Protein chains: 2
Amino acid sequence: MDEKTKSNQASASPSLQERPTLKTIAFMTGLGITTVSRALKDAPDIGAETKERVRLVAKQVGYQPNRAGVRLRTGKTNVISLVLSLEEEVMGLTSPIVVGISEVLASTPYHLVITPYRFSKDALAPVRYVLDTGAADGVIISRTEPKDPRVALMMERNFPFATHGRTDMGLIHPYHDFDNEGFAYEAVRRLAELGRKRIVLLQPPPHLTFHRHMRKGFDQGIRDFGVEAVAFGAVDLDNSLTEIRAAFETLMRSDDAPDGIVSGSGAGSIALIAGLEAVGKKLTQHVDMVSKVPSDFLSWLRPEVITMNEDIRHAGRELAKAVIGRIAGLPAEELQSLSRAI
Amino acid sequence: MDEKTKSNQASASPSLQERPTLKTIAFMTGLGITTVSRALKDAPDIGAETKERVRLVAKQVGYQPNRAGVRLRTGKTNVISLVLSLEEEVMGLTSPIVVGISEVLASTPYHLVITPYRFSKDALAPVRYVLDTGAADGVIISRTEPKDPRVALMMERNFPFATHGRTDMGLIHPYHDFDNEGFAYEAVRRLAELGRKRIVLLQPPPHLTFHRHMRKGFDQGIRDFGVEAVAFGAVDLDNSLTEIRAAFETLMRSDDAPDGIVSGSGAGSIALIAGLEAVGKKLTQHVDMVSKVPSDFLSWLRPEVITMNEDIRHAGRELAKAVIGRIAGLPAEELQSLSRAI
DNA sequence: CAAGCAAACTGTATCGTTACAGATTTTTGA
DNA sequence: TCAAAAATCTGTAACGATACAGTTTGCTTG
């Protein structure tokens, strides 16, 4: 009788073999489940000594909150979703970004979930999925466009996210971006310093935001350093390596052949070099090249290429910090960062 | 009164604005929540016409089961955990494996969660975490060792998993592996055919299983093709590129210099080539090299290297299929696969 | 025509957690 | 001294799904 009156909440003694729950701790401490729950969140209406006791027992039994329970009750998933195109990246930018994100999430309760999509036109689908199903507390996207519908959608729903790359819609949101404008400007400067006069740019596809940035820096460099820009048709970084090489070979054989190259990606540079060498020209001798690279493999095999390193892992870290900050309610203005080549 | 008697389960009419639940469908069809639940799983005790009706409405309102609800009630997480070392892979093998896994999971209810660990000695920690918290229904691990404690632990707990690489403990479990023995044997054969006599192997670190395989194929090739093996000290694929280059430079300057190289990874090959060229030797002229590569970038920059491609993306697909198969209860014997160079 | 049975459907309890509205005891204040 | 206030603690309900143990209805069947 007395027993029954005493504690109705944690009635059945929980098996100490199973994974401990609040009930386990409640049973062990003789407290109510609610009290234990509130003690563990350091609520103000729980006594200091009680909190200490609960914390001790919780630690002792290795209590970890059941994610499904929390998620069902509160809607909080403790998940960050990284939205990835299954097509992008021959050269694997995904690895370092995943590592960077993971590094930051490791010291938080967040898990990293990969949410893939298949074709560029479906880019909105994974974002919609996360929003509709509440699959995550925050989202990280890349391949950002100036008028990015994903950004518009998430802003409209007031959903926390961060973008790898900026937008241009007059919307303020968390992002991390590489200073592609600075890169391209500096690249042209270096080539001009080497006496190169006719510069070509292997640029990102026009629909992505960083196309503009890289183009802007490039064009400014062309003007400031008194050199000439050579057009590279419709070929961009999203073309296959084979296509890039073929196009560049054609360009090099034409009257319009450049003597300086700015390449927006390490993978693209490989194709350019192949095209260059196919027509019998040599780096540093006939042509100089500045390439943005995600790792130093290019320097190992072609030290003649001037490389500027984009630290993708750092980008991952910044992006993770940005989403988490947004989830925590920090203003978007404070969650924007730009990094320069290292 | 009548109304109240009629339906107690789905009493309050669910807001049609919110995400639909079983309750929503129950309300719309006038059925009980239980009936709807069972109808959607095609249970035998529900009438055919009812099932049809429920399915129609469910589709109409875009019903998707709440993962937290399912997980809490059944313990099923619908999550596959990919356990990753944050240190491995300068050259990003992670990207293609993630893509491969995602491709397979896309047509299933499974989500892919990245579970990282920091140092090699902590390799057991993430697995323990998943097991203890029930964070996933299945696990994929790599960097497999002959006596792998992670494998032992998961087998003991009867937990579904698949390994990238085999073990040697007399335990039968799902795996996918590259035929490193075949690769090394074939590599030696090719070098011997080119007239090379003194072959060195840049091999995986000795504690990983595929060290044995690669070593075995290499040694067999050495015997079968009547060539000589040159020792490469304690340097292996886990050393930094700088260390590999330095060691190889030393080796090339010694009396013991090889004229043929078998390299177990694309990244390692880069360092070897740098070391080689630092002593003024040339590929195909003084030395020939066969390298295992994850992508074709090496062929672009050094076509002189004979490459054998390991399709990591395919490995990802196979691993995903294997874990899912294991979860579905298929016997481990049927979930083992080996792939050769392409 | 009543008992038996199959078919079709439903209510209750539960998973682990937390919001909320008390309940109980102690302290304060006049 | 006694009511009000503060300090602690607790039970109930709910999140969405499903296992389980019914209930209802309509037919057989002897």
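These numbers were taken from a predicted model, which means no experiment stands behind them. By convention in this document, chain letters (A, B, ...) are assigned in the order of the sequence lines, proteins followed by strands, and residues within each chain are numbered from 1.
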> Phosphate oxygens OP1/OP2 of D/dG16: is one of them under 4.0 Å from a side-chain N or O of B/Thr21?
no

> Just the rounded figure in Å: distance from P of D/dC9 to CD of A/Glu49.
8 Å

> OH/A/Tyr63 to CG/A/Leu22 distance, rounded to the nearest 0.5 angstrom?
3.5 Å

> Taking only the side-chain nitrogens and oxygens of A/Thr74, find out if one of them lies under 4.0 Å from OP1 or OP2 of C/dT17.
no

> Rounding to an integer number of Å, can you tell me how far B/Glu52 CD sits from C/dA8 C1'?
17 Å

> Answer yes or no: is there a side-chain heavy-atom contact under 4.5 Å between A/Ile80 and A/Thr108?
no

> For DNA chain C, whose closest nucleotide is more 5', that of B/Gly69 or that of B/Ile46?
B/Ile46

> Respond yes when some side-chain nitrogen or oxygen of A/Lys23 is under 4.0 Å from OP1 or OP2 of C/dG16, and no when none is.
no

> Scan B/Pro65 against the nucleic acid and name what it touches under 4.0 Å (heavy atoms): base, sugar-phosphate only, or nothing.
sugar-phosphate

> Does C/dT10 have OP1 or OP2 sitting under 4.0 Å from an N or O in the side chain of B/Thr35?
yes

> Parallel, tilted or perpendicular, judged at 30° and 60°: which one describes the rings of A/His176 and A/His164?
parallel

> Rounding to a whole Å, what distance do you find between A/Arg38:CZ and D/dA7:P?
14 Å

> For the pair made of CD1 in B/Ile33 and P in C/dG11, what is the distance, rounded to whole Å?
9 Å

> Would you indicate what A/Asp45 reaches in the nucleic acid, counting non-hydrogen atoms under 4.0 angstrom: base, sugar-phosphate, or nothing?
base

> OP1 or OP2 of C/dT17 versus the side-chain N and O atoms of A/Ser37: is any pair under 4.0 Å?
no

> For B/Leu22 and D/dG16, what is the distance between atoms CG and C1' respectively, to the nearest whole Å?
7 Å

> A/Leu72 has an atom CG; how far is it from atom P of C/dT18, in whole Å?
12 Å

> Does B/Thr50 make a side-chain N or O approach to OP1 or OP2 of C/dC9 shorter than 4.0 Å?
yes

> Calculate, to the nearest 0.5 Å, the distance between atoms CZ and CD belonging to B/Arg118 and B/Glu87 respectively.
8.5 Å

> May I have the distance from B/Leu31 (atom CG) to C/dG11 (atom P), rounded to whole angstrom?
11 Å

> Within this structure, what is the CZ-to-C1' distance between B/Arg73 and C/dT12, rounded to whole angstrom?
11 Å

